[in-house]
Structures are given as C-alpha cells and as structure tokens.
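Below is one structure, written out as structure tokens; the observations come after it.
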Amino acid sequence: MNPQDQRSDPQSTATAGNPPAADSMGSAAGGGLNTAVDLLGDDSGELSQEEYEKLLGLYDDTLRDLSEGQVVKGRVVKILANEVIVDVGYKSEGMIDIDEFTTRDGLNVSEGDEIEVLLEKTENKEGYLVLSKEKAEKMKVWERVEAAYREGVPITGRIVDRIKGGLAVDIGIRAFLPGSLVDLRPVRNLDSYKGQELDMRVIKVNRRRGNIVLSRKAILEEENREKKQKTLDSLEEGKVVLGVVKNITEYGAFIDLGGLDGLLHITDMSWGRINHPSELFSIGDKVEIVVLKFDAERERVSLGYKQRTPDPWANVEERYPIGSRVSGKVVSLTDYGAFVELEEGVEGLIHVSAMSWTKRVKHPSKIVNVDETVEAMVLDLDKENRRLSLGLKQTEPNPWALIDQKYEVGSRITGKVRNLTNFGAFIEVEDGVDGLVHISDLTWSKRIKHPSEILQKGDEVEAVILKIDTENQRLSLGIKQLQPNIWDEFFRLHNVGDVLRGKVVRLTEFGAFVELDSGVEGLVHVSEFSMERVENPETYFDLDDEIEVKIIKIDPTENKVGLSVKAIVQDTQTSDMAAFSHDGGGISLGDMVGAELDKRRGKSKRRRDRYDDDDD
C-alpha cells in the first residue's frame, strides 16, 4: 500500500460543513480521539458542527508541539523497501531513508522500536515529516563532546586511520588526534594505533566548523601524576619493586616504576661482564629491581638488578685461595693479558708474563682465545679492589727451576739456532730453555756486523755456558770460547815497549787499527802518528799498509792494545844521537830531528796529493 494512502488527511475525508467520520479522525489522532467520542456519548458516527469543532479541539490537544531542529523520540511503525516510517506523535508521520539503519551486518531496526530522530522539516511536499536518525545521533554526540570539553572528562574513541599530522578518531563523529599528543614520548609508528580504542580528552571543539581535537597525552599525564605521587610515597632505599623497561641506552636502562622513571646502570645489571644492556633486557620487559638510591626532592631513583643476589666477592677467598688451581672461560683479550671468568661476577687476569715460562709472549692471542676454557693458578687476591691474578704457566713445571743444577758455567752444550738478532743468536739448550750467544762471543778473530755472517737459523752448534741467571731466566753462551783465547796468548808473549810489524785494517777519524796477529788488533791514535799534528789519518796511511808500531799500552781486561808510530821515530832519533855523540860527529840533535821531520813531511805530502787526485 502506498504511504500516501495510509496518512490521515482531513482535506481528503471531509468537505466544508460536513464533519469527517469519527474512525477517520481516530486513525489520525490515535486513542485520544476515541476517548473524546466516548465523552460525547454518541456512537451513531454522525456529529453536529458544534460537536465536530469541539472534537477537533480535543484532537489538536493530543498533538505534540514540535519545532525544526529538535531531537524527539519516535516509534517505527512501518519498514518499507527504501524508507522507514516513524511516528513521533505529530499530525503526520515521518520518513527516514533505510540506509540510515543499514550496517555491515544488515538492517538494525524493527517495527515497534523506540528511536531518537532529528526533525529537520515539519512537512515535505508529500506531507511527511523530514526526519534523520543519523543527524540525531550526531547531535547527541556533539552534545556529549561539548559536555566532555566543558567538564574535562575523558571520551573514548577508536582510531580509524592515519592522516597528515596525526590520527583520525571515531567518537560517533570524526575527530582529530595530533601525532604529538598520542603519547608522552614521540611516536615513530602511528600506524600501530589503528583499530585501538583509547581514552582521550577533548581540547578543542567547534561545532560550526565540525572541528574536534583530542589529546591522549593529557590523559596519560594525569594518570602519571597520580601514579608518580603514589610511587614517590612508597619508595625507599633497599626496597624491591616491580617495573617495566621503558628505554635502553648504551649505559643502562630506564625503568618505569609507575609514573616515575628510574635508571638501572649497566654496572648494576650483573655481577658478571656484559657489553650492552640489550643482552639482558628488552623494552617492555617486567623486571624486579632494588632501589639503591632515592632522592625524593629531585625525583631521581637509582636501581640495581644484580643486588637481588649475593655479591660473589663476599667470600671469594674461601672459594679461590692463593695457590689453588681453577678453571674458567676466557672472556676478553687485551695487549697486557687475558681475562678469565671463573663464575658470574668473578674474573681473574692472566698477565702476558704469566702465560709461558719460555716464550716471550707479545700478545695473549698467541697463547689463548676468547671462549676457550683454561686452567690456571691463583697467584694473588685483592678482595677490596676486586682483583684476582692468575697464572697459566704456573700449572706446568718451570724448566728454569733446575737449570743451575743440570748445568754449570764452563760446561759445553749442543743446540739448534732458533733465532738470529742484531745482537746475537738464540740457541735452544733444551725444551723451553734458550741461551744467547752475543755477537761479541761468536769469534775471536773476525769482526762481524751480524750473526748471520757465521750462523744460520736451524744450524746445530756447540757452545760454552758463560753465565746462568735463573732468577731472570737468562743463559749466556759463547762459541768463540771453544777455542783458546788468542788475546791471552798475545799478552803472554808481548809487553809494553815491543816493536811489531802489522797491517792497517781500518781507518777512522781518531786513528788507525792495525792487525798484529790473527784476530788481534791494536789502535794507533792520531796523536801517535807523527811528531807533527795530523788532521786526517787517511792522508797518512792507506789500508793494507805494512807498518812498524810500538806497544805503548796493554789492557788485558778489555783486550785492548795501544800502539804508536811516533814513539819509534823518537826511539830512532835518540839512538842515532847517542851514536853520533859517541863517535864525536858534528851533527847536532836539531839537525837530526829536522831531517826526520823533512822525511815525514815529504811522505805525508805525497799521500795528500794522492788523496786529492783520488777526489778529483
């Protein structure tokens, strides 16, 4: 049936001067009109003009006084294909588009339901009221939002989308939540809030522009103030509290104790070694911690996690007495040693000097590796400074302990050349014990610049033990000592004043070295060249010159021999003069000295000339 056929219209049921039928009026006015007819006491259906006007007045009294823009209650009287008919107690019924009642789950209204609607218009061209359920709901929401704004009460909404600058929120109507007001701290991923229902505070509302701005941060700040005060009232040093890991840094973790953050420093996380707090904690973890320090005035709290368990250093001397053997894992290597964890919170240091009896360890990685399990001996314990000294080599016998009992100075040994240096050669005497042959103890006769001129790495050689120093673990060896000492023989056969013939083997700024015998050299100082001053020895002698020299000084301790050419000249002049004096000759001493000087000058001049020619 067409809705137009259902509506009550006095114009269509009565003409001027003829009152409408009572049942027609009753359908329009409802039960109130029927009551009025009963009061008239005439059930014939025929009304006089006076009765009709009286009845019409009663009918008007039954209608509600409605105005446009008003939200009223109504009853669903009919559901059609595209509209829903609603009776709000007015002279005509209202129509609402059925889409306003349709959700994803289907139609959410039934005939007879009481609903609230907005009266947009008292009558459209068809005579119906223009109603809207959606606008009524929105108006109610606006009223609720404005009330929440005035009274400062929270409002609940669902995050529906991320938009520029923040989030779109459904609170019955669309509202805006700025990104900076979503949380107490900046939020990097706003998308994670989509679909969540949150309590927020209305901080701005403008119905005319349809603008609503919300803040969740305001709610959280208020909650935090309450929690913070409660936490401050309950905190005390030494108390065990429960918190949530809020943030992690390189130096520690911040724990939310309930409106108040406390710092759990990395040094208070574990008695053992950790490189980063993330090894133990993750953001959001619930942890039980101890309040170490609490400053109520500055609202600062220092927390401890390791303090929940006893300090492992409390009785460490009982578990690791000096001299005991222990086992642990290498946890760190440095240039000076290796740190070994004996248990959580207790580490010891094996210094590089305590790693090997025989090897000169340049870096601990040459002996041990990280995560390797090693056995060591406790050498020293400093409980106050939490230091434990360990030794690796002390777990093995010291090969130097009995070295002075197995060998004595002067005894001969045979070993392999293990290494060559600028200052000598290292010979392996036995496993773990090396001796040094200094470069000066390689040969009596040759002057060498490097041991490689005589020895090669890997050579089997014989040597004599010269010195044993077990305290410093040093063994001095000599190879030239296998042969007789040519210096001893030389000093036995020669004395100061002897004149010898030798060969110039080296020239220096201060003189000339002359080889007197195999391996025996003496020095002619430049002042002993001539009666005259000599500036450059190379202008006076050449290498390999055969010359006569006189021994003027002997030092058996240092194996040094001082020589002189000038002394021979002086001796010659003295003897010649004595001979002339004896024969009564007429040559004076001055003549003889002058002649000898002329002779030396001539020889020196010839050498200088040859030297200059060589330079040219």
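In this text, all values refer to a predicted model and were calculated from it rather than measured experimentally. Residue indices begin at 1 and follow the sequence shown.
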Side chains of [X] and [Y], heavy atoms from C-beta outward: is any pair under 4.5 Å?
X: Ile465; Y: Leu477; answer: yes
X: Glu428; Y: Val433; answer: no
X: Leu390; Y: Met377; answer: no
X: Leu500; Y: Leu563; answer: no

More than 12 heavy atoms of other residues, nucleotides or ligands under 6.0 Å from [atom1] of [X]: is that the case?
X: Lys246; atom1: NZ; answer: yes
X: Arg188; atom1: CZ; answer: no
X: Lys383; atom1: NZ; answer: yes
X: Arg474; atom1: CZ; answer: no
X: Glu384; atom1: CD; answer: no
X: Glu546; atom1: CD; answer: yes

Is the backbone of [Y] close enough, under 3.5 Å, to the side chain of [X] for a donor and an acceptor to pair up by distance?
X: Trp357; Y: Glu396; answer: yes
X: Lys560; Y: Glu521; answer: no
X: Arg308; Y: Ile289; answer: no
X: Trp313; Y: Gly345; answer: yes
X: Asp256; Y: Gly259; answer: yes
X: Trp271; Y: Pro312; answer: no
X: Asp469; Y: Asn472; answer: yes
X: Lys306; Y: Thr267; answer: yes
X: Asp555; Y: Thr557; answer: yes
X: Asp285; Y: Ser282; answer: yes

Using 0.5 Å steps for rounding, measure from the [atom1] atom of [X] to the [atom2] atom of [Y].
X: Ile547; Y: Phe541; atom1: CD1; atom2: CZ; result: 4.0 Å
X: Ser234; Y: Leu232; atom1: OG; atom2: CG; result: 8.0 Å
X: Lys393; Y: Ile367; atom1: NZ; atom2: CD1; result: 11.5 Å
X: Leu260; Y: Ile255; atom1: CG; atom2: CD1; result: 12.0 Å
X: Ile427; Y: Ile479; atom1: CD1; atom2: CD1; result: 5.5 Å
X: Asp371; Y: Glu341; atom1: CG; atom2: CD; result: 10.5 Å

Any Lys/Arg nitrogen of [X] or [Y] sitting under 4.0 Å from an Asp/Glu carboxylate oxygen of the other?
X: Lys293; Y: Glu237; answer: no
X: Asp261; Y: Arg300; answer: no
X: Glu430; Y: Lys406; answer: yes

[X]: what forms a side-chain contact (heavy atoms from CB on, under 4.5 Å) with it, not counting sequence neighbours?
X: Ser270; value: Ile274, Leu280, Glu344
X: Arg273; value: Val331, Ser332, Phe339, Glu347
X: His351; value: Tyr336, Ser353

Query raised in the report: Can Val291 and Val241 be said to form a side chain to side chain contact (heavy atoms under 4.5 Å, CB included), step by step?
Result: CA-CA 7 Å; Val291 178; Val241 296; 4.1 Å; yes
Query raised in the report: According to the interplanar angle, ranging from 0 to 90°, do the rings of Tyr540 and Phe529 count as parallel (below 30°), tilted (30 to 60°) or perpendicular (above 60°)?
Result: tilted
Query raised in the report: Parallel under 30°, tilted from 30 to 60°, perpendicular over 60°: which one fits the rings of Phe510 and Phe513?
Result: perpendicular
Which pair of non-hydrogen atoms, one from [X] and one from [Y], has the smallest distance, and what is that distance?
X: Pro537; Y: Val526; value: CG-CG2, 4.2 Å
X: Ala512; Y: Leu507; value: CB-CD2, 3.5 Å
X: Pro321; Y: Val378; value: O-CB, 3.6 Å
X: Val240; Y: Glu288; value: CG1-CG, 3.3 Å
X: Val374; Y: Val340; value: CG2-CG2, 4.0 Å
X: Pro277; Y: Thr249; value: CG-O, 3.2 Å

Report task. Please say whether the positively charged group of Arg418, taken as NZ for Lys or CZ for Arg, lies over the ring of Phe426, i.e. under 6.0 angstrom from the six-membered ring centre and within 45 degrees of the axis. Result -> no
Query raised in the report: Can you list the steps and then say if Glu372 with Lys329 is a salt bridge (charged side-chain N to carboxylate O under 4.0 Å, His left out)?
Result: CA-CA 6 Å; Glu372 179 182 349; Lys329 184 176 72 172; over 6 Å; no
Query - Pair Val346-Arg319, side chain to side chain contact (heavy atoms under 4.5 Å, CB included): steps then yes or no - result: CA-CA 11 Å; Val346 179; Arg319 301 193 306 279; 4.0 Å; yes
**Report entry** Test log, rule side chain to side chain contact (heavy atoms under 4.5 Å, CB included), inputs Val549 and Val499
**Finding:** CA-CA 6 Å; Val549 291; Val499 175; over 6 Å; no
Query raised in the report: Do Val561 and Leu516 pass the side chain to side chain contact (heavy atoms under 4.5 Å, CB included) test, and can you show the C-alpha distance, the side-chain angles, and the key distance before you say yes or no?
Result: CA-CA 10 Å; Val561 178; Leu516 304 175; 4.2 Å; yes
**Report entry** Test salt bridge (charged side-chain N to carboxylate O under 4.0 Å, His left out) applied to Glu528 and Lys550, step by step
**Finding:** CA-CA 10 Å; Glu528 297 295 330; Lys550 182 179 180 179; over 6 Å; no
